[in-house]
Amino acid sequence: PAAEAKENPFDLQRATRPNKTEDAPPASTNPFERQARPTTPPPAAEPAPLPPQSVETSSGSNFLFWSLLTMMIFFAVLITLYRPLLGKIYRAFSNDNILKLLHREQGYFVSFPYLLYYIFFVISAGIFTYQVAHFYDWLPKQFSSLAYCVIGVAVISVLKHIALKMVGSIFPINREIRLYSFTIVIFSIILGILLIPFIILIAYSPGPVAQLTLYTALGALFIFYGFRSLRSLFIASRYLVFHKFHFFMYLCTVEIAPVVLLVKLLSN
């Protein structure tokens, strides 16, 4: 009979051992060596969001501050050089007889100090117009918008005086027209000074305070314009009774139309 294979009791059967695949890593021969753990690569860092680009540059973001500072320096120079004249202008503003006296001293053209004060009014009114336009989102907050407002006020003022000169040369009311033109200069100078606190409060006050200041300034402008119109009626009282239609045409053409045109241009 065939010899039966002797079984070794200490020999483990191969069938009971788990089959090792070829992909399995070889056992480490160093018992003190730490088994390397599979590491996952760190997630890629997301790019930081870029800050939104501002419409204004860092130098242009403070253009209103520099404009106000320039305006105040110009006003300080005027007060230093022509302080007595400012007192005369205020008395002419409150007294019609003094206004006529100053007009006779000036002659056909206003002197250079009056012109400087009138230029200050143009700057002050232009800045205030810009603030109103920016408040109602008619203009963006940039220096070019401020420049357009100042130039617009200057053009309207010059055109108004040119129109008055033409009316005085056409109709026999040259003396009254020159007095009325000088009245506009006096009232405009006072208005430019009165606008200073309103401009500063609107520029650097919180939102509710700035809004209240803006509405207060508009109401004060309406009262101021009414007072100027009342003083102007005394100049034209001699012709108003017989020439109501011509006076109405003047109001629509010289006084109302420029303001409406400026508002229309800003709103567009």
If two hydrophobic side chains count as joined below 4.5 Å and joins carry through other members, does Ile119 share a cluster with Leu69?
-> yes
Leu179 CG to Leu102 CG distance, which is reported to the nearest 0.5 Å | 11.0 Å
Could you please spell out the steps behind the side chain to side chain contact (heavy atoms under 4.5 Å, CB included) verdict for Phe121 and Ile190?
-> CA-CA 8 Å; Phe121 154 74; Ile190 297 297; over 6 Å; no
Which donor-acceptor pairs under 3.5 Å do the side chains of residues 71-98 make with protein atoms, sequence neighbours left out?
unit_1	atom_1	unit_2	atom_2	d
Thr80	OG1	Ala76	O	2.8
Ser94	OG	Tyr90	O	3.3
Ser94	OG	Arg91	O	3.2
Asn95	OD1	Asn97	N	2.9

How many angstroms lie between atom CG of Leu195 and atom CD1 of Ile127, to the nearest 0.5 angstrom?
-> 10.0 Å
N/O donor-acceptor pair under 3.5 Å between Ser181 side chain and Ile177 backbone | no
Show your working on side chain to side chain contact (heavy atoms under 4.5 Å, CB included) between Arg178 and Leu164 and close with a plain yes or no.
-> CA-CA 8 Å; Arg178 288 192 294 107; Leu164 289 174; over 6 Å; no
Roughly how far, to the nearest 0.5 Å, is the OG atom of Ser188 from the CD1 atom of Ile193?
-> 11.5 Å
If you group Ile, Leu, Val, Met, Phe, Trp and Tyr by side-chain heavy-atom gaps below 4.5 Å, do Tyr148 and Ile123 land in one group?
-> no
What's the spacing between Ile186 CD1 and Leu191 CG if we round to 0.5 Å?
-> 13.0 Å
Let me see the working for Phe135 and Tyr215 under side chain to side chain contact (heavy atoms under 4.5 Å, CB included), right down to the final yes or no.
-> CA-CA 11 Å; Phe135 178 79; Tyr215 292 147; 3.9 Å; yes
State, to 0.1 Å, how close Ala203 and Leu68 come at their nearest heavy-atom pair, and which atoms those are.
-> CB-CD1, 4.0 Å
Report yes or no: do Leu201 and Leu214 belong to one cluster of Ile/Leu/Val/Met/Phe/Trp/Tyr joined by side chain heavy-atom distances under 4.5 Å?
-> no
Kindly work out whether a path of hydrophobic side-chain contacts (I/L/V/M/F/W/Y, heavy atoms less than 4.5 Å apart) joins Leu115 to Ile151.
-> no
Output for pair (Thr129 OG1, Ile156 CD1), nearest 0.5 Å, gives 8.0 Å
Side chains of His134 and Leu146: does their closest heavy-atom pair fall under 4.5 Å?
-> no
Taking the six-membered ring for Trp, are Phe227 and Phe187 ring centroids under 6.0 Å apart?
-> yes
Atom CZ in Phe65, atom OG1 in Thr70: separation rounded to 0.5 Å?
-> 9.5 Å
Transitively linked via ILVMFWY side-chain contacts under 4.5 Å: Leu99 with Leu101?
-> no
Over all atoms of both residues, closest heavy-atom pair of Pro197 and Leu194 = CD-O, 3.3 Å
On a heavy-atom basis, the closest approach of Leu212 and Thr216 is O-OG1, 2.7 Å
Contact summary for Tyr130 and Pro140, nearest pair of heavy atoms | CE1-O, 3.9 Å
Where is the tightest heavy-atom contact between Val153 and Ala125, given as atom of each residue plus distance?
-> CG1-CB, 3.9 Å
May I have the step-by-step check of side chain to side chain contact (heavy atoms under 4.5 Å, CB included) for Tyr118 and Ser157, ending in yes or no?
-> CA-CA 10 Å; Tyr118 197 64; Ser157 301; 3.5 Å; yes
When the ring centroid of Phe182 is compared with that of Tyr114, is the distance short of 6.0 Å?
-> yes
Would you say Gln131's side chain and Ile199's backbone share a donor-acceptor pair under 3.5 angstrom?
-> yes
Are His161 and Tyr180 near enough that their ring centres are under 6.0 Å apart?
-> no
Looking only at atom types and distance, does a side-chain atom of Ser124 sit under 3.5 Å from a main-chain N or O of Gly192, one as donor and one as acceptor?
-> yes
